[in-house]
Amino acid sequence: MVNKNDIRRKIISAEDTETEKPKIPEPCVMVIFGASGDLTKRMLMPALFQLYCEKLLPENFTVIGFSRKELDHVSFRKLMQESVKEFNEPDNFSEDSWKEFEKNIFYYSAGYHDINSYKHIKTELDKFDKKKNTDGNRLFYMAVPPDTIPVIIENLGLSGLNKTVREDSWTRIILEKPFGYDLESALELNKKVSHYFTENQIYRIDHYLGKESVQNILVTRFANGIFEPIWNRNYVEYVEITSSESIGIEGRGGYFDNSGTLRDMVQNHLLQLVGYAAMEPPSVFDSKSIRDESLKVFQALRPIKVEEVEKNVIRGQYISSMIRGLRSSGYREEEGVTLHSRTETYIAMKFFIDNWRWGGVPFYIRTGKKLPTRATELVIHFKATPYRLFKRKNDIAESYNMLIIRIQPDEGILIKFAMKVPGTEFKVQNVNMDFHYSDLSHVKLPSAYGKLILDCMLGDSTLFIRADAVEACWRFIQPILDAWKEFPKIKVYGYPGGSWGPDCADDLIAGKDFTWRNPCKNLTDDDKFCEL
Ligand code: BG6
């Protein structure tokens with residue numbers, strides 16, 4: 001019997017994709033502030049180790065961990081080794097490679113407020129330049145809670161660590177999201193960081209832009225002649241983005257309860273996806289042009305008026321439920337969450353982009369925790385044919401073509417279109433044209449953090465957020481925060497963990513033919529996204 005995967009493999013063979021020689025950054029030292037925290041353990045160190053194993057890091061490379069916790073070099077290395085084992089794919093860990101890699105890891109503990117510790121780091125960095133030939137190139141990574149960032153920036157500035165060491169060396173800083181807590185604090189943070197660093201030293205990270213499939217949105221749109229002519233209000237009925245997570249807040253109650261999904265996911269990740277889906281083609285593919293074009297999208301987002309928030313922005317919070325026979329706790333039972341918390345763990349919203357390409361086309365985005373599955377996808381719903389020549393017994397919604405860009409998991413692209421069912425009658429049915437990245441068996445998708453750290457070391461800021469874009473996104477989000485504050489009666493809907501969120505979110509999108517497209521919850525190896 002012919003195996004479906006064999007056919008796929010034949011269609012896309014290794015020769016069809018070019019592998020280019022990767023660029024290796026110049027020697028450098030990376031200083032991680034918040035080195036004993038969750039982000040370093042789960043994301044940064046596994047990403048660095050993967051880069052090391054793939055020989056993408058410079059030969060002369062050093063990581064310095066910096067945080068308040070009392071640890072020495074050896075115990076920090078041990079801690080990192082355990083994390084890398086836990087958070088890297090199991091067959092990606094080699095003891096021998098780790099032994100080599102850990103020789104480049106060092107740790108210093110000190111308070112972030114203590115200027116002397118920065119002076120100490122400066123002396124150490126100078127020593128590393130000599131001992132390890134790191135050439136004066138420095139990358140500071142802020143893996144700390146948002147309220148700690150300003151004091152670190154200030155102390156880096158006061159101790160002179162913000163300056164480049166030599167004319168031909170570089171000093172860069174990566175700032176983790178959330179970038180600010182609201183518009184005012186984001187403006188303040190931009191002011192503070194730009195006081196000590198120039199904009200081309202500042203890399204505001206949003207790990208969604210490091211995902212291969214997100215970058216592929218640009219390639220799909222701008223490297224193919226067939227999509228761009230129909231990627232506009234003349235042919236598109238609406239655009240939908242879903243980013244669902246099956247996990248809850250995973251012990252991050254302290255942070256999350258003061259943040260909520262609007263700040264945690266929408267202001268950054270989802271709006272960045274909107275930027276890529278909606279931008280105009282840049283005239284050249286460089287950092288400035290790409291970032292200019294996504295900025296124009298953010299500036300064209302039609303502000304949701306305070307009085308329209310209740311109707312257009314649905315917020316929800318997961319409540320306890322039974323998932324696969326087991327009790328799943330509600331958000332208010334999570335550690336670090338206040339008893340009567342009204343923090344949202346789910347958002348569904350509708351908005352418009354006021355420009356010539358998108359005028360009148362609704363954008364629907366939705367994201368939440370404890371939904372039935374982990375999946376992120378961008379769906380372009382095209383308009384139906386002017387009239388229905390063929391009758392369809394099934395779903396009227398099938399008269400609309402869809403292009404689905406699966407961001408994760410099972411990264412790929414799916415096009416749904418109508419076909420004649422073989423037989424004597426003109427029966428019509430929708431079929432799939434489906435590409436899965438996994439079919440390129442020789443291609444290993446790089447981790448989003450790895451890609452972005454590498455880009456920063458190479459001085460490529462294309463996939464990082466510029467100050468003006470952060471501010472434009474907050475300008476769009478701020479009226480929603482204001483409305484919630486001014487009108488606390490705006491409902492926070494409870495939804496059972498394991499469901500697709502509050503029912504009323506359906507009313508946002510429900511038209512005569514439409515509803516949300518739910519990625520399937522029962523993933524099987526054969527068809528990870530069964531079509532509902
Ligand atoms: C982070 C959020 O930025 O993104 C988390 O703080 C969220 O709450 C995570 O879980 C989702 O990222 P991914 O890559 O798993 O979709």
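Whatever order the structure lists them in is the order used to number ligands and atoms, beginning at 1. For clarity, every value in this text was computed on a predicted model and none was experimentally measured. Atoms considered below: every heavy atom in the structure, side chains included; atoms not considered: hydrogens, waters and symmetry mates.
Taking the six-membered ring where the residue is Trp, F49 and Y52 present parallel rings, their angle staying beneath 30° rather than reaching 60°.
With no hydrogens or angles considered, a side-chain donor-acceptor pair links T338 and D257 at under 3.5 Å.
E184 CD: 12 or fewer foreign heavy atoms inside a 6.0 Å radius. With a 6.0 Å radius and a threshold of 12 heavy atoms from other residues, nucleotides or ligands, R68 has its CZ atom at or below the threshold.
If you run side chain to side chain contact (heavy atoms under 4.5 Å, CB included) between M45 and each of L79, V84, L39, only V84 comes through.
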Measure and list all N/O to N/O distances between ligand 1 and the protein that fall under 3.5 angstrom.
unit_1: ligand 1; atom_1: 3 (O); unit_2: K177; atom_2: NZ; d: 2.8
unit_1: ligand 1; atom_1: 3 (O); unit_2: H269; atom_2: NE2; d: 2.7
unit_1: ligand 1; atom_1: 4 (O); unit_2: H269; atom_2: NE2; d: 3.4
unit_1: ligand 1; atom_1: 6 (O); unit_2: K177; atom_2: NZ; d: 3.0
unit_1: ligand 1; atom_1: 6 (O); unit_2: R252; atom_2: NH2; d: 2.8
unit_1: ligand 1; atom_1: 6 (O); unit_2: D264; atom_2: OD1; d: 2.6
unit_1: ligand 1; atom_1: 6 (O); unit_2: D264; atom_2: OD2; d: 3.3
unit_1: ligand 1; atom_1: 8 (O); unit_2: R252; atom_2: NH1; d: 2.8
unit_1: ligand 1; atom_1: 8 (O); unit_2: D264; atom_2: OD2; d: 2.6
unit_1: ligand 1; atom_1: 8 (O); unit_2: K369; atom_2: NZ; d: 2.8
unit_1: ligand 1; atom_1: 10 (O); unit_2: E245; atom_2: OE1; d: 2.5
unit_1: ligand 1; atom_1: 10 (O); unit_2: E245; atom_2: OE2; d: 3.3
unit_1: ligand 1; atom_1: 10 (O); unit_2: K369; atom_2: NZ; d: 3.1
unit_1: ligand 1; atom_1: 12 (O); unit_2: H207; atom_2: NE2; d: 3.2
unit_1: ligand 1; atom_1: 14 (O); unit_2: H207; atom_2: NE2; d: 2.8
unit_1: ligand 1; atom_1: 14 (O); unit_2: K211; atom_2: NZ; d: 2.6
unit_1: ligand 1; atom_1: 15 (O); unit_2: R374; atom_2: NH2; d: 3.3
unit_1: ligand 1; atom_1: 16 (O); unit_2: Y208; atom_2: OH; d: 2.5
unit_1: ligand 1; atom_1: 16 (O); unit_2: Q408; atom_2: NE2; d: 2.7

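Listed by chain and residue number, nothing satisfies the ring pair (Phe, Tyr, Trp, His ring centres under 6.0 Å) test with F140 (two or more places apart in sequence, or in another chain).
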